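Remarks on the structure that follows.
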Amino acid sequence: MWTYLQQRWLSFGYAFKGIATLFRTQAHAWLHLLAALLVVIAGFYFGIERWEWAILTACITLVIAAEALNTAIEFLTDLVSPEYHPLAGKAKDTAAAAVLLCAIGAVVMGIIVFWPYLT
């Protein structure tokens, strides 16, 4: 039992190490974090409702998680294909597209949430 708990504790440490790596190595992760901070500030300013917080929290989490997955795919692709290969490029481009799609969706959701407060 104790070993099981130790392993779970270590896995959290690895996850936090991954978060640190994400923000140490990826400028776009910082941009997403800045955008999230601005959204949170706007949410408090406008006094948005609980369900609106839930939507915005889900969008923020989705975008940052997508950025983390994109980073993992880029690291892994660089490991297995240090030289340029068209398929490696496609893998990286597609992973980046996933982040972009999540970010676009988050912007749309932000507009839907904040529009009534702006008009």
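Predicted, not measured: the structure shown is a model, and the values here were computed from it.
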Short question: side chain of Thr77, backbone of Ile73 - any donor-acceptor pair under 3.5 Å? yes
With rounding to the nearest 0.5 angstrom, report the [atom1] to [atom2] distance, [X] to [Y].
| X | Y | atom1 | atom2 | value |
| --- | --- | --- | --- | --- |
| Tyr117 | Glu49 | OH | CD | 5.0 Å |
| Glu83 | Asp78 | CD | CG | 11.0 Å |
| His28 | Ile64 | NE2 | CD1 | 14.0 Å |
| Thr71 | Lys92 | OG1 | NZ | 10.5 Å |
| Ile60 | Cys102 | CD1 | SG | 13.5 Å |
| Trp30 | Arg24 | CH2 | CZ | 11.0 Å |

Picking from Leu62, Leu33, Leu22, what satisfies side chain to side chain contact (heavy atoms under 4.5 Å, CB included) with Glu67? Leu22
Establish whether [X] and [Y] are linked, either directly or via other cluster members, by ILVMFWY side-chain heavy-atom contacts under 4.5 Å.
| X | Y | result |
| --- | --- | --- |
| Leu38 | Trp115 | no |
| Ile41 | Ile48 | no |
| Phe12 | Leu10 | no |
| Val107 | Leu118 | no |
| Val40 | Trp51 | yes |

Between Ala106 and Val63 the two heavy atoms that sit nearest each other are CB-CG2, 3.8 Å
Write down the atom of Thr21, the atom of Thr25, and the distance for their closest heavy-atom approach. O-OG1, 2.7 Å
Measure the shortest side-chain to side-chain distance between [X] and [Y] over non-hydrogen atoms and say whether it is less than 4.5 angstrom.
| X | Y | result |
| --- | --- | --- |
| Gln26 | Asn70 | no |
| Val39 | Phe114 | yes |
| Ile55 | Glu52 | no |

Residue pairs fulfilling ring-ring contact (aromatic ring centres under 6.0 Å, His included) with at least one residue in residues 53-100, sequence neighbours excluded: Phe44-Trp53
Taking side-chain contact (heavy atoms from CB on, under 4.5 Å) as the definition, give me every residue that meets it alongside Ser11, ordered by chain and number, with sequence neighbours left out. Arg8
